[in-house]
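Here is the structure we will look at.
Along the sequence shown, residues carry numbers from 1. All figures in this text were calculated on a predicted structure; none of them were measured in a lab.
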Amino acid sequence: MKKTVSVLLAAIISILLLCPLTASAAVSISSGKDALLAQWETGSSHGISYKAFSPDRADDGRKYPLVVLLHGKYSGSSNGEQVSETDFYRWSSAEFQARFSESGGAYILMPRCPGGDSSSWSAEGHHSDLKKLIDSFINEHADSIDTGRIYLGGWSKGGAGTVKMAVSYPGFFAALIVIAPHYTVNENHLRALSDTPIWLVACKDDITATYGTMSKAFWNTLRDTSNVPSSCRFTTFEKYNYYDSSSHYVHHAVGYDLLDQPSDCGMYTQNAKGQSVSIGEDSTMISWLSSFRLGQAEKEEVCRCDCHSSKGFNKFLWSIKCFFWRIFSPSKKICACGDAHW
């Protein structure tokens, strides 16, 4: 009898040693916030502390994308707050991880900006150390990170940092998420990112990163410069007063992968061609993000005529031309781009 029990125990131990470990992403969102946060490890490299989530099973041979998320100026008072206070811990749940195409999961790296609340990722002095941290993290997981699927995102000052980092290191990030960016648009920056898919999120009621002068100006310039307009998206909220009276904290909506939003928030999404985009279980931000591989976003023939410009003065001049054409040249209905305008 003892011999039989010993043989069974030995067999069970052998099976446990040989079988892959259960992925950390097996934790369901229904397990609660504490269970999800317990999956995240704490680390520090190149003077930057961070929290990181690793989805890989032991020796499973798969390659996973890496998502790097940069917090806003007032979300880094301590390491861990950038995850726990922003709802991005939800991205480590089994349900959210399953939305990453191909791999069924992703690494998530959320660094804390040096200086915490007194600093911000938009300061270019932090970019070199941040890149070293990312490279170090990739090297540490070299066998399981897909270097063609490195994604970068951030909110507020982290949104500004996202744009500037991507410009500083061209050909490194496959797609970007820019949330309520506290950033005065630089057309040269967006021209440098013209082949990069970008998803912008903002609230029209935001008075911190002012919608009209920051987010809307960003989107207008992106529409004028992108070579991949069908791959770029803009999600707007009429209001998002559920965490902050300024409606600036729309990163909470992204923490929910843009699903399950309050019915009165007025969420609307479009692409850079002005077409409406529906958000559903199979078309979330995570699904969009993980669909891109570096350099493989589909480029399009984009008209740069004034008729398509978002710049108010150019658009005004075009409308004047159309007015006189209707009167004196009614047959002239097509511009250089081939579009009919009346």
In Å and rounded to the nearest 0.5 Å, what is the [atom1] to [atom2] distance from [X] to [Y]?
X: His71; Y: His251; atom1: NE2; atom2: NE2; answer: 11.0 Å
X: Ile207; Y: Asp205; atom1: CD1; atom2: CG; answer: 7.5 Å
X: Lys216; Y: Thr236; atom1: NZ; atom2: OG1; answer: 8.0 Å
X: Phe172; Y: Ile150; atom1: CZ; atom2: CD1; answer: 5.5 Å
X: Tyr107; Y: Ser92; atom1: OH; atom2: OG; answer: 14.5 Å
X: Ile108; Y: Tyr151; atom1: CD1; atom2: OH; answer: 12.5 Å

Atom CG of residue position Asp143 - does it have more than 12 heavy atoms of other residues, nucleotides or ligands inside 6.0 Å?
no
For Lys131, I'd like to know if atom NZ has over 12 heavy atoms of other residues, nucleotides or ligands within 6.0 Å.
yes
Pair Arg99 + Glu281, salt bridge at N-O below 4.0 Å:
yes
Asp264 with Lys239: basic N within carboxylate O range, under 4.0 Å
yes
Taking [X] for its side chain and [Y] for its backbone only, find out whether a donor-acceptor pair lies under 3.5 Å.
X: Gln270; Y: Val277; answer: no
X: Ser103; Y: Gly105; answer: yes
X: Asp146; Y: Pro65; answer: no
X: Ser226; Y: Arg223; answer: no
X: Ser194; Y: Arg191; answer: yes
X: Arg293; Y: Gly148; answer: no
X: Ser136; Y: Lys132; answer: no

If you apply the rule side-chain hydrogen bond (donor to acceptor under 3.5 Å, both in side chains), what do you find for Ser144 with Lys63, and how did you get there?
CA-CA 4 Å; Ser144 52; Lys63 291 281 191 177; over 6 Å; no
Atom of [X], atom of [Y] and distance for their closest heavy-atom approach:
X: Gly153; Y: Thr162; result: C-OG1, 3.1 Å
X: Ile145; Y: Ile138; result: CD1-CA, 4.0 Å
X: Ser283; Y: Ser278; result: OG-O, 3.0 Å
X: Leu258; Y: Ile279; result: O-CG2, 4.0 Å
X: Ser215; Y: Leu200; result: O-CD2, 3.5 Å
X: Asn79; Y: Arg112; result: N-CD, 3.5 Å

[X], [Y]: one ILVMFWY side-chain cluster at the under-4.5 Å cut-off?
X: Leu70; Y: Val185; result: yes
X: Val228; Y: Trp219; result: no
X: Leu259; Y: Trp288; result: yes

Ring centers of Phe88, Trp155 separated by less than 6.0 Å
yes
Close aromatic pair by centroid cut-off 6.0 Å: His141 and Phe137:
yes
Applying the side-chain contact (heavy atoms from CB on, under 4.5 Å) test to Trp199, which of Leu289, Asn271, Thr269 qualifies?
Thr269
Distance only, no hydrogens: is a donor on one side chain within 3.5 Å (strictly under) of an acceptor on the other, for Asp206 and Ser247?
no
Go through the side-chain N and O atoms of Asp129 and His46 and say whether any donor and acceptor fall under 3.5 Å apart.
no
Under a 4.5 Å cut-off applied to non-hydrogen side-chain atoms, are Gln261 and Tyr240 in contact?
yes
Should the ring pair His126 and Trp121 be called parallel, tilted or perpendicular, given that the plane angle runs from 0 to 90° and is split at 30 and 60?
perpendicular
Output, in order, the C-alpha distance, side-chain angles, deciding distance and verdict of side-chain hydrogen bond (donor to acceptor under 3.5 Å, both in side chains) for Ser28 and Ser31.
CA-CA 5 Å; Ser28 171; Ser31 300; 4.9 Å; no
